[in-house]
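First comes the structure, then the notes that go with it.
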Protein chains: 2
Amino acid sequence: MESIDRARIKQHARILKAVASEPRLVIVDRLNRGECCVCDIAELIGADQSTASRHLAILRDGGIVDAERRGNHVYYRLTAPCVLGFLECAARVLEERGRGSDDEA
Amino acid sequence: MESIDRARIKQHARILKAVASEPRLVIVDRLNRGECCVCDIAELIGADQSTASRHLAILRDGGIVDAERRGNHVYYRLTAPCVLGFLECAARVLEERGRGSDDEA
DNA sequence: TGAGTATATGCATATATGGCCAAATATGCA
DNA sequence: TGCATATTTGGCCATATATGCATATACTCA
C-alpha cells in the first residue's frame with residue numbers, strides 16, 4: 001500500500017467530487033437502473049433542465065457516465081459502476097456511527 | 001438494487017464530500033499507514049495547523065476518522081477504511097479514460 | 001501557579017458550487 | 001427552409017467551502 005502520487009490525488013479528487021453531491025448521487029443511483037435522457041433527470045432531481053445538464057456534464061467530465069445522442073435526446077448511462085461502492089461504504093459508515101450519537105436528519 | 005431514500009442521500013453526500021478534497025485524500029492516504037497528530041498532518045499537506053485541524057474535523061464529522069488525545073497531542077486514525085475503495089475506483093476510472101483523451105495533468 | 005506546546009475555534013476573505021433565466025446549438029419533421 | 005423540441009452554455013446571484021491569522025482551550029512540566 002504505497003503513498004499516492006500527488007498528481008493522481010488531484011485527478012482522484014475530481015472524480016470523487018463529481019459524485020459527492022446530493023443531486024448527482026440521485027442521478028448515479030438512477031442511472032444504475034438504466035440510461036435516461038436529460039429531461040428525465042431534470043424531473044428526477046426537481047431542477048431546471050439546464051441544471052440537470054450541468055450535473056451530467058460534471059459526471060461525464062469525471063468519467064462516471066457517458067452520453068449518446070439519439071435523435072434530439074441525449075441519453076446518459078453509468079460507465080463507472082464502481083462508484084456504487086461509495087454508497088455501500090457510506091452506508092457502513094452511517095451504521096457504525098448510528099451506534100454513537102449524531103444528526104440522523 | 002432499490003432506489004436510495006432521499007434522506008439517506010443527504011447523509012451519504014456528506015460522507016463523500018468529506019473525502020472529496022485533495023488535502024483530505026492526502027490525509028486519508030496517510031492515515032491508512034497509521035495514526036498521526038495534527039501537526040504531522042499540517043506539515044504533510046503544507047497548510048496551517050488550523051487548516052489541518054479543520055480538515056480532520058470534517059473527516060471526523062463524516063465518520064471517516066476518529067481522534068484520541070494523548071498528552072497534548074491529538075492522534076487521528078482511519079475508522080472507515082472502506083473509503084480506500086474510492087481511490088481504487090477512481091484509479092479504474094482514470095485507466096478507462098486514459099484510453100480516450102483528457103487532461104492528464 | 002505560570003510558561004510552553006498542541007489543538008480547536010472565531011473571524012475575515014477568497015474561491016468554488018449550485019441554481020435559474022435567457023440565449024445559442026443540435027436535431028427532427030413538415 | 002421554417003418551426004418545434006431537447007440540450008448546452010453564458011451570465012448572474014446566493015450560498016458553501018477553504019484558508020490564514022489571531023485567539024481560546026487543553027494539557028504538560030517545573
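Order of the sequence lines sets the chain letters (A, B, ...), proteins ahead of strands, with each chain counted from 1. Please read these numbers as outputs of a predicted model, since none were measured by experiment.
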dT9(D) pairs with, by Watson-Crick or G-U criteria that keep both distances under 3.5 Å =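 The answer is dA22(C), by the H-bond criterion.
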Separation of [N] [atom2] from [X] [atom1] (nearest whole Å):
X	N	atom1	atom2	answer
Asp61(B)	dA16(D)	CG	P	16 Å
Glu68(B)	dC27(D)	CD	C1'	15 Å
Leu56(A)	dT9(D)	CG	C1'	15 Å
Arg14(B)	dT17(D)	CZ	C1'	15 Å
Glu22(B)	dT15(C)	CD	C1'	14 Å
Lys10(B)	dG18(C)	NZ	P	14 Å
Ile41(A)	dG19(C)	CD1	P	14 Å
Lys17(A)	dG18(C)	NZ	C1'	15 Å

request  = Check whether any side-chain N or O of His55(A) sits under 4.0 Å from OP1 or OP2 of dT17(C), and answer yes or no.
outcome  =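 No, because none of the side-chain N or O atoms of His55(A) sits under 4.0 Å from OP1 or OP2 of dT17(C).
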message = Is the phosphate of dA6(C) approached by Tyr76(B) (side-chain N or O, under 4.0 Å from OP1 or OP2)?
response =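 Answer no for this pair, as no side-chain N or O of Tyr76(B) is under 4.0 Å from OP1 or OP2.
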query = Closest nucleotide of DNA chain C for Ile45(A) versus for Val74(B): which of these residues is on the 5' side?
reply =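 Mapping each residue to its closest nucleotide by heavy atoms, the 5'-most match is Val74(B).
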query = For Arg24(A), which of Leu59(A), Ile41(A), Val19(A) qualifies under side chain to side chain contact (heavy atoms under 4.5 Å, CB included)?
reply =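 Testing Arg24(A) for a side chain to side chain contact (heavy atoms under 4.5 Å, CB included) against Leu59(A), Ile41(A), Val19(A) leaves exactly one candidate, Leu59(A).
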Between the protein and nucleotides 20-27 of chain C, are there any N/O to N/O pairs under 3.5 Å, and if so, what are the atom names and distances?
unit_1	atom_1	unit_2	atom_2	d
dC20(C)	OP2	Asp48(A)	N	2.9
dC20(C)	OP2	Thr51(A)	OG1	2.7
dC21(C)	OP2	Asp48(A)	OD1	3.4
dC21(C)	N4	Ser50(A)	OG	3.1
dT27(C)	O3'	Gly71(A)	O	3.4

message = What I'd like to find out is whether the side chain of Thr51(A) reaches to under 4.5 Å of the side chain of His55(A), using heavy atoms alone.
response =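 Thr51(A) reaches His55(A) side chain to side chain.
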message = Nearest 0.5 angstrom please: Asp66(A) CG to Leu56(A) CG, how far?
response =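 Result: 11.5 Å between the selected atoms.
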inquiry  = Rounded to the nearest 0.5 Å, what separates atom NZ in Lys10(A) from atom CG in Asp5(A)?
reply    =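 Output value for this atom pair is 12.0 Å.
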task = For residues Ala67(B) and Val74(B), report the shortest heavy-atom separation together with the two atoms involved.
result =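 In this case the closest contact between Ala67(B) and Val74(B) is CB-CG1, 3.7 Å.
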key: Residue pairs fulfilling disulfide (SG to SG under 2.5 Å) with at least one residue in residues 14-98 of chain A, sequence neighbours excluded   =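 Listed once each, the pairs are Cys82(A)-Cys89(B), Cys89(A)-Cys82(B).
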task = Sorted by first residue and then second, give each side chain to side chain donor-acceptor pair (under 3.5 Å) pair with at least one member in residues 35-48 of chain A; sequence neighbours left out.
result =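 Output for this query lists Glu35(A)-Arg70(A), Asp48(A)-Ser50(A).
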request  = Answer with base, sugar-phosphate or nothing: what part of the nucleic acid does Ile58(B) contact at a heavy-atom distance below 4.0 Å?
outcome  =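 Answer is sugar-phosphate: Ile58(B) comes under 4.0 Å of backbone atoms only.
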